[in-house]
A.B. asks: 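Structure below; questions to follow.
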Number of protein chains: 2
Amino acid sequence: MAMKALTKATIYQVAQVAGVSIATVSRALRDSDLVTQQTREKVLAAARELQFTPSRLGRSLAEGRHAANGIVFPDLVGPYYAEVVLGYEAAAAGFGSSVLILATRGRADAEAAVRDMASRVDGLTVMGQSVSDEFIAKLAATGLPIVLLSRDPVPGVDTVRPQNQRTAEALVEHLLEHGHRRFVFLGDPDVAPDFAGRYAGTQAGLARAGVAPADLVRAHGFDLDAGRAAARGLDADAVICANDELALGVLLERPTQIVTGWDDLLAARFAGLTTVRQPMRELGATAARWLNRRITESSDKPAAPRRRVLPTRLVVRSSCGIHSPEVHR
Amino acid sequence: MAMKALTKATIYQVAQVAGVSIATVSRALRDSDLVTQQTREKVLAAARELQFTPSRLGRSLAEGRHAANGIVFPDLVGPYYAEVVLGYEAAAAGFGSSVLILATRGRADAEAAVRDMASRVDGLTVMGQSVSDEFIAKLAATGLPIVLLSRDPVPGVDTVRPQNQRTAEALVEHLLEHGHRRFVFLGDPDVAPDFAGRYAGTQAGLARAGVAPADLVRAHGFDLDAGRAAARGLDADAVICANDELALGVLLERPTQIVTGWDDLLAARFAGLTTVRQPMRELGATAARWLNRRITESSDKPAAPRRRVLPTRLVVRSSCGIHSPEVHR
DNA sequence: TTGAAAGCGATACCAC
DNA sequence: GTGGTATCGCTTTCAA
């Protein structure tokens, strides 16, 4: 019933109170059946009395592992990244790994920040356009397990991403069926690999149908306001947006404009926005699982780098034009 | 130009290569002007050659601090928590602190998980109903700096939260002006302190106006589906929902039902949902700043516990009834 | 079964 | 200015 422990207890104190060595305390507090039941109880009692919690630092230093991993993303703006991170955290928690997050948001010292994170974890997931390929390669050369997420592959590194190109082509096909012919692609392909894929798919689909390529309008940013700002100058049958927020911004300014988005945010449903649904949680979870595999695999015979493209799916609502008898919810 | 360093270099190797002691390496790599320019350069060269990055573990162990802090939340479902976490991360990054995240999502071992996190950080922010007050108190007694976020205060601990009660009263007033008299409150006050505050404010507002109290309908969960499921049995002039997702769910089932939400999600705008806007990023950022203050303050004369309620604001759209000439966007 | 002691990788005090 | 070394808190041989 001691009221001490206002200053974190160490294994030494527990050992002292229990009247054993620190080695024995360590054993008693973990698996180890090299301890008498009696001894174990003494130790546990002492530990409880002192409110002892082993220091992660000491533990990690001795074990040579952090039991933590990190996820780096460009920014968390919008629900998209958040969902991915969520899926990631859930999976990581599943195998007992803590998770660190880092938003680079265009910071000049992004690489330093990532390097710092790298020294706190057993492995890293890098999402989107947060740091350069060269930097990734350098990090990977260190031996640090890395998984790339929603980002173009780097040689030797695992990559998970959503299907962009092919689904963009399907989207274009659908718009063509509506009879639309003059297209604008709204969004900057350089801002995110996902955007680039959607843009490429758009143009590919158009080319295959023998239709003139879409005009590229690089919005300033990729949120609602960027969409609103860009909306004014638009002139096209249909505006294919790089994501939902841009599309919703356009819709706010021009409610009758034919437009499509990407991500299937909750708002898309209420705006009647035709868009593409992505398995966001699953993207995060897959990255976490793959990373864990890398971390735990024997480093002498590493498995070949994996690539996976998770399927996405066209969600047709009303913003792409009128459909006869269908219900759009 | 060495191609080594496939295995993380230590300060000892750098010392060896540079031909100096580890103490000197440590000095050269940090501030310290107790090093010759010449020596410093030797050391830096060696460090670069070995791609040396100091181990956080060694560093933290020696310095007695993690330079990291964590945020615990019940779950990240919905955009609400994500925004808060975002604001938190940004602020934390601002003063050079890494951030760990932990979603308890009703896990039975939530306390163990939080305890684990506690051993990895210099301080903790606890959001919502993730762990018990008793546990918080115990943790705080350890001397671990803690800030509570969107959660009822615990003696001796800082608390930041959004205005719930008062704004709920304002919301009720508005609904009364519309002429509505029979109310339902949809959502479980026990599931989150925020919900409890909104519920209390609702009843208080009603009572003050001499109107019959709202029927409490405890939805099973607090997402869209929970709202849809609950919608069928509803019978009231107006349904005051604990959050936007519930309200949107109701709207999906009964588009003409008078209903209000809370959070002002992006979707609310497109659904014409009357709701309440909260400073989510600011909530997170404030928590991070306060925590940092606690961590860095001298522990012998700690400041008195702080409480702050961040203002929220009613956002009137069309779901609460028709308004004459106003535009609801 | 238990204990003594050698690390793990830094920081910082104390001499020189 | 630099070097030697104690220290942080734990895990894990190696002996006993």
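Being a predicted model, the structure only gives us computed values, none of them experimental.
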A.B. asks: OP1 or OP2 of D/dG9 versus the side-chain N and O atoms of A/S55: is any pair under 4.0 Å?
C.D. replies: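 The answer is no; no side-chain N or O of A/S55 sits under 4.0 Å from OP1 or OP2.
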A.B. asks: When you get a sec, tell me which of D/dC10, D/dG4, C/dA5 is the closest nucleotide to the side chain of A/R59?
C.D. replies: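 Looking only at side-chain atoms, A/R59 lies closest to D/dC10.
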A.B. asks: Nearest to the side chain of A/Y12, heavy atoms from C-beta on, is which of C/dT1, C/dA10, D/dC10?
C.D. replies: D/dC10
A.B. asks: Contact class for A/T39 (heavy atom, under 4.0 Å): base, sugar-phosphate, or nothing?
C.D. replies: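 The answer is sugar-phosphate, as A/T39 gets under 4.0 Å only of primed atoms, P, OP1 or OP2.
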A.B. asks: Measure from the side chain of A/R27, starting at C-beta and using heavy atoms only, and say which of D/dC10, C/dA4, D/dG3 lies closest.
C.D. replies: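 That would be C/dA4.
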A.B. asks: So, OP1 or OP2 of D/dT11: does either fall under 4.0 Å of a side-chain N or O from A/S26?
C.D. replies: yes
A.B. asks: Consider the side chain of B/I11, meaning its heavy atoms from C-beta on, and name the nucleotide among C/dA12, C/dA10, D/dG9 that approaches it most closely.
C.D. replies: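 From the listed options, C/dA10 comes nearest.
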A.B. asks: Just how far, in rounded Å, is C1' of D/dG3 from CD of B/Q16?
C.D. replies: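 Going from B/Q16 (CD) to D/dG3 (C1'), I get 15 Å.
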A.B. asks: Report the nucleotide, chosen from D/dG9, D/dT2, D/dT11, that has the shortest atom-to-atom distance to any side-chain atom of B/V35.
C.D. replies: D/dT2
A.B. asks: Return the nearest nucleotide to the side chain of A/E63; candidates are C/dG9, C/dT2, D/dT11.
C.D. replies: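 So the side chain of A/E63 is nearest to D/dT11.
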A.B. asks: So which heavy atom on B/R151 is nearest to which on B/S132, and how close?
C.D. replies: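 Reported closest heavy-atom pair: NH2-C, 3.5 Å.
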A.B. asks: Take B/Q38 and B/A62, find for each the nucleotide of DNA chain D with the closest heavy atom, and name the residue whose nucleotide sits nearer the 5' end.
C.D. replies: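 Closer to the 5' end of DNA chain D: B/Q38.
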A.B. asks: Is it true that B/E282 and B/R289 have a side-chain N and a carboxylate O under 4.0 angstrom from each other?
C.D. replies: yes
A.B. asks: Side chain of A/S21: nearest nucleotide among D/dG3, C/dA4, C/dA10?
C.D. replies: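 Nearest nucleotide to the side chain: C/dA4.
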A.B. asks: Please check the phosphate of C/dT2 (OP1 and OP2 only) for any side-chain N or O of A/T36 closer than 4.0 Å.
C.D. replies: yes
A.B. asks: Can you name the residues that form a salt bridge (charged side-chain N to carboxylate O under 4.0 Å, His left out) with A/E111, not counting sequence neighbours?
C.D. replies: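 Partners of A/E111 under the salt bridge (charged side-chain N to carboxylate O under 4.0 Å, His left out) test: none.
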